[in-house]
Amino acid sequence: MFDDLADLYQQVILDHSKSPRNFHRLDPADRTAEGTNPLCGDNITVFLRMDGARIKELSFQGSGCAISKASASIMTESLQGRTLTEVKGLFDQVHDMVTTGKSPASDMGKLAVFAGVHRFPARVKCAILPWHAVLAALEGQVNPVTTE
Amino acid sequence: MFDDLADLYQQVILDHSKSPRNFHRLDPADRTAEGTNPLCGDNITVFLRMDGARIKELSFQGSGCAISKASASIMTESLQGRTLTEVKGLFDQVHDMVTTGKSPASDMGKLAVFAGVHRFPARVKCAILPWHAVLAALEGQVNPVTTE
Amino acid sequence: MSTGNSTAEPLPPVRDLSALRADFPILNQAVNGHPLVYLDNAATSQKPVAVIEAMDRYYRCDNANVHRGIHELSNRATATMENSRARAARFLNAARSSEVVFTRGTTESINLVAATWGADNLRPGDQILLTEMEHHSNLVPWQLVARRTGAELVFLPVTGDEGLLDLARLDALLTPRVRLFALTHVSNTLGTVNPVAELCERARKVGAVSLVDAAQSAGHLPLDVQAIGCDFLACSGHKLCGPTGIGLLYGRQEQLEAMPPWQGGGEMISSVDFHESRWNVVPHKFEAGTPNIAGSVGLHAAFDYLDAIGRQRIFQHDQELAGYAYERLTTLSGTRVFGPRTGRSGVVSFLLDDVHAHDLVTAADQFGVALRGGHHCNQPLMRKLGVPSTARASFYFYNTRAEVDRLIEVLREIRRFFGG
Amino acid sequence: MSTGNSTAEPLPPVRDLSALRADFPILNQAVNGHPLVYLDNAATSQKPVAVIEAMDRYYRCDNANVHRGIHELSNRATATMENSRARAARFLNAARSSEVVFTRGTTESINLVAATWGADNLRPGDQILLTEMEHHSNLVPWQLVARRTGAELVFLPVTGDEGLLDLARLDALLTPRVRLFALTHVSNTLGTVNPVAELCERARKVGAVSLVDAAQSAGHLPLDVQAIGCDFLACSGHKLCGPTGIGLLYGRQEQLEAMPPWQGGGEMISSVDFHESRWNVVPHKFEAGTPNIAGSVGLHAAFDYLDAIGRQRIFQHDQELAGYAYERLTTLSGTRVFGPRTGRSGVVSFLLDDVHAHDLVTAADQFGVALRGGHHCNQPLMRKLGVPSTARASFYFYNTRAEVDRLIEVLREIRRFFGG
Ligand SMILES: Cc1ncc(COP(=O)(O)O)c(C=O)c1O
Ligand SMILES: Cc1ncc(COP(=O)(O)O)c(C=O)c1O
Ligand code: FES
Ligand code: FES
């Protein structure tokens with residue numbers, strides 16, 4: 001129990017949830033999108049500045065649980081300089097990891113701390129929420145997206 | 001089984017269902033009403049000629065099962081010369097008999113042959129159908145009545 | 001046509017069908033002093049122990065409310081329910097689980113479509129094409145929405161006692177004015193198996209949406225919504241070995257997504273404000289409030305049970321028994337038998353001399369034979385056939401030829417009793 | 001007020017409440033290595049063996065479709081269902097069985113009223129009065145009908161964290177423009193017990209119809225629709241020891257009779273023609289299609305089970321536990337507890353430092369304690385309280401003080417874990 005808990009809420013996650021990085025508004029932003037988790041009502045908004053097809057700067061705001069906040073925080077650190085295609089690739093790996101627990105093919109860096117989530121099916125959406133938002137922003141969707 | 005069946009479909013009932021009495025239209029009639037059994041879709045229309053407050057002549061038409069036809073036939077024979085109040089009294093006795101099986105307080109004549117119906121709950125409405133129609137006619141209801 | 005036919009692939013080896021009776025404790029009882037002969041399967045089927053016990057187990061081990069829950073039992077309940085949905089999608093061969101909405105049964109499924117798709121798409125002068133053999137559940141909802149929208153109902157005729165759709169009339173009726181063609185797959189009175197795949201394609205050609213009432217077919221023959229090509233399909237759990245209070249609406253993803261919600265409440269929303277709400281994705285948009293979770297468990301078990309037997313095998317058995325009953329009934333003097341002579345399902349309606357159907361059914365019950373009598377929620381069809389009601393025997397895989405023989409024997413007794 | 005209060009009559013002698021745990025097999029299990037402490041009763045209650053077995057028996061002995069059937073099993077099924085209805089009427093103290101409509105649950109009951117009474121009675125400019133503590137199920141249906149009819153929603157405010165209705169505002173809001181006042185009896189988030197009898201009377205005085213959402217009260221305290229004086233009342237079986245997929249709508253006879261039907265199909269009609277139908281009498285007019293028959297059997301058993309304990313006794317027990325939990329939670333440092341200090345039901349919402357409710361609930365589950373976290377289908381109330389979500393413990397008669405102690409112990413661990 002405590003072990004499983006510690007596996008889910010790894011020290012890195014607790015740290016990022018308490019002191020989230022890039023936790024502010026970018027104004028002006030080139031792209032922005034909001035993601036909502038209908039299960040809890042939490043939402044996260046991401047802000048992007050682009051350099052051509054690449055993400056130059058990335059930040060987020062919103063309210064959420066430790067998992068979603070840490071996921072957003074670590075995600076903003078991981079996506080600097082990436083293209084939409086690269087983000088999609090990473091999303092697929094993260095999604096796979098948090099739903100199946102399979103260890104990712106490539107080295108995912110800090111993102112690997114979310115591997116414990118797959119044992120908590122109700123929390124998968126928390127980890128994925130910021131990813132939905134960033135994809136929506138990159139793909140230029142206008143309406144808020146949900147994790148469903 | 002055969003015994004119960006013979007108890008429900010007494011010879012008098014089979015006879016009246018095959019050769020119903022007063023099975024025709026009265027034209028003109030002073031009062032008329034249609035009763036429908038929603039369970040089966042059967043219906044019976046009664047026609048009345050009045051002599052003041054008393055029934056002078058009484059007939060019926062329609063389609064129904066052996067129980068409802070016999071009930072209508074025997075009812076038309078039993079109600080000649082009766083007033084609304086008397087019909088209501090008889091109705092209560094018949095209703096009591098076919099739902100509870102209690103033998104009626106007063107002598108009911110031929111109507112007593114329906115005592116067996118109470119052991120067949122799905123058929124109670126059949127026996128009662130023509131009574132609803134005649135009450136509706138006497139009370140001057142305009143819309144078709146149902147046995148519910 | 002996806003209804004299966006007699007030139008079928010070899011069936012998987014399974015227990016002898018009559019051995020399956022042991023799975024149905026209810027069949028092993030005496031009624032009015034006689035062994036029960038249950039021939040009212042079109043009204044509702046009996047339930048195997050596997051289905052009863054699956055629900056029992058759910059309540060004893062895993063019960064919790066679904067979605068939104070985070071604790072272990074709630075995770076189990078949610079997974080259980082969503083597995084049932086995935087199983088239902090496989091049972092119908094839907095492309096996605098999200099195309100399966102849980103409802104109370106066929107009736108609610110059809111009402112859902114009428115209230116949402118209908119309200120959104122029907123305008124005065126539009127037509128809804130039905131057939132003359134529709135169950136009230138696939139008729140009254142359309143009457144209600146027609147009144148509200150100004151649309152008009154038109155009916156594809158039934159030929160007569162042999163109960164076929166008069167397809168020669170289809171071209172004249174299925175015009176571009178028709179926005180929706182709703183029809184039954186198998187008639188619950190006549191036993192007719194309609195060529196739904198062909199008819200849905202015809203509907204598509206004039207731009208009409210199609211809805212198939214599969215209440216009488218879903219548990220009785222192989223069903224494939226993609227092969228049928230319908231936009232909607234409705235069925236009930238209780239008629240296919242499942243529990244009461246649960247059924248399915250299949251809807252093509254694009255249709256479901258375009259439809260407004262129906263009932264409001266928990267689970268169907270994505271966010272709610274005092275004055276305004278946003279809807280959840282399909283299928284949840286159509287599932288307001290706590291669903292019949294245990295019902296979904298029983299339904300899952302029923303699908304597994306039926307597929308272990310094989311629906312093609314069930315269909316063949318139904319057809320054999322119905323064919324045998326049809327033949328014996330027609331040779332019994334004084335009978336009038338309804339529905340097609342061949343290619344029918346396991347439903348046979350008939351009349352015996354001038355014995356009223358309800359008198360017949362009451363009498364048969366005294367011999368332990370459970371039949372149904374009445375209009376079978378097909379009143380307009382009854383009027384068309386010129387009868388107030390019929391008696392109906394309907395078979396399932398656990399019925400036997402010996403039970404058909406017993407039926408005939410009992411009908412002889414009844415005719416004698418009523419002096420026919 | 002019919003909600004019972006602490007100066008109650010002496011309770012009938014019954015088994016010790018904690019002995020009743022033995023009737024609930026599900027409670028006797030380990031979750032994540034710890035004995036299960038089930039505190040999610042406001043989402044759904046657990047089911048006693050008596051309820052599970054009643055449904056089991058129904059399927060093994062008596063199953064058939066109801067109404068219209070004439071054979072023995074169908075007679076039994078019909079009698080069973082109608083007995084359940086009569087039992088439900090007694091449970092609610094309705095004047096007549098015909099005032100009880102079977103539905104899937106509270107959500108469907110409210111949707112039924114919104115769709116039928118609402119569509120018939122609401123005009124542009126009319127008002128529907130709700131409270132700020134309504135569950136989405138008693139909010140979204142009114143949003144939908146308001147949009148369709150041009151009526152307007154107004155809200156009786158909640159005072160703040162202590163979660164009372166701001167009755168000082170009632171006069172200003174409950175004007176003759178209000179056609180319907182729909183409110184919850186017991187709040188599923190705050191635990192508030194509203195004075196429904198008084199409020200329904202106030203509604204009646206301005207000529208408004210009243211609807212009580214009894215989802216959280218029906219199984220928890222003595223309930224008497226005549227004493228409450230409401231026009232409608234809705235509740236769910238699954239929250240009161242009954243099965244999923246069944247609930248009740250109580251409606252006063254005159255109201256039900258005046259309402260148009262909702263869903264169309266079998267059973268709700270008296271006669272059907274191709275283009276027109278006539279409706280059955282109430283309550284059947286509102287019960288289209290095959291109902292959840294086995295569900296009604298389980299519900300009947302649940303009513304018997306609860307009344308053998310005594311609802312007054314259950315209410316007292318709920319209150320005691322909730323009071324104890326409230327007290328211990330408020331003395332635990334860093335907590336924020338919602339809802340009234342006294343006179344509450346067995347529902348307690350709280351927050352712990354800045355641990356998000358879902359993190360808290362996930363962690364509690366690791367200790368075998370089943371809580372709920374989230375907006376509890378009360379999103380607008382959450383916004384009003386200025387929180388995204390809360391954690392919630394909700395009690396029933398089988399919960400114990402020891403379980404409250406365990407909850408507090410686990411919360412301490414959780415705070416430590418999250419470094420609070
Ligand atoms: C106050 C209240 N109203 C309505 C509901 C909805 O009940 P159901 O989901 O059983 O339809 C609930 C249960 O979640 C509730 O707590
Ligand atoms: C052809 C057909 N459609 C619809 C229905 C209605 O099904 P349910 O009563 O389960 O909603 C039935 C069952 O009576 C049926 O036979
Ligand atoms: S609980 Fe809301 S995002 Fe995690
Ligand atoms: S069966 Fe129709 S009246 Fe008897």
Side-chain angles (χ1 to χ4, degrees), chain B residues 1-9 13 17 33-45 61-71 95 98-101 114 116-133 135-136 139 141-148, chain D residues 62-86 89 96-102 253 256-261 263-291 293:
Chain B
M1 33 114 251
F2 238 85
D3 293 354
D4 279 342
L5 211 54
D7 194 38
L8 174 63
Y9 295 100
I13 294 183
S17 75
E34 185 191 352
T36 302
N37 183 345
L39 254 70
C40 54
D42 289 327
N43 57 74
I44 275 177
T45 305
Q61 278 204 313
S63 77
C65 61
I67 310 286
S68 62
K69 261 199 190 143
S71 174
H95 191 276
V98 299
T99 49
T100 68
F114 292 101
V117 171
H118 85 275
R119 290 229 301 289
F120 297 82
R123 309 305 302 278
V124 167
K125 288 187 177 169
C126 304
I128 289 295
L129 176 61
W131 290 86
H132 277 288
L135 278 176
E139 289 170 341
Q141 290 188 17
V142 191
N143 291 322
V145 293
T146 76
T147 52
E148 304 250 5
Chain D
D62 304 321
N63 175 66
N65 211 328
V66 292
H67 307 297
R68 296 172 202 291
I70 292 194
H71 58 77
E72 169 66 15
L73 293 187
S74 177
N75 284 341
R76 280 189 224 156
T78 304
T80 294
M81 177 117 195
E82 294 310 314
N83 284 341
S84 300
R85 195 192 304 279
R96 301 174 197 75
S97 290
S98 55
E99 297 183 323
V100 174
V101 180
F102 284 117
Q253 185 85 14
L256 292 182
E257 281 178 357
M259 279 148 60
Q263 299 187 29
E267 188 50 31
M268 54 72 73
I269 54 90
S270 111
S271 78
V272 176
D273 223 323
F274 280 126
H275 292 279
E276 218 169 51
S277 300
R278 290 194 309 217
W279 315 131
N280 205 337
V281 295
V282 300
H284 307 291
K285 180 169 70 174
F286 298 109
E287 293 179 353
T290 303
I293 310 168

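Just so it is clear: chains get the letters A, B, ... in the order the sequence lines come, proteins before strands, and each one is counted from 1. Source: prediction; values computed, not measured.
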K.L.:
If you draw a 6.0 Å radius around CD in D:Glu257, do more than 12 non-hydrogen atoms from other residues or ligands fall strictly inside?
P.N.:
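Yes, because the 6.0 Å sphere around CD of D:Glu257 holds more than 12 heavy atoms from other groups.
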K.L.:
What are the two closest heavy atoms between B:Ala122 and D:Asn75, and how far apart are they?
P.N.:
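In this case the closest contact between B:Ala122 and D:Asn75 is CB-OD1, 3.6 Å.
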K.L.:
Nearest 0.5 angstrom please: D:Ser270 OG to B:Asn37 CG, how far?
P.N.:
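Between D:Ser270 OG and B:Asn37 CG, I get 10.0 Å after rounding to 0.5 Å.
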K.L.:
What's the shortest heavy-atom distance between D:Ile269 and B:Pro38, and which atoms?
P.N.:
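Where D:Ile269 meets B:Pro38 most closely, the heavy atoms are O-CB, 4.5 Å.
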K.L.:
In Å, rounded to the nearest 0.5 Å, how long is the span from CD1 of D:Ile70 to SG of B:Cys65?
P.N.:
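That separation rounds to 8.0 Å.
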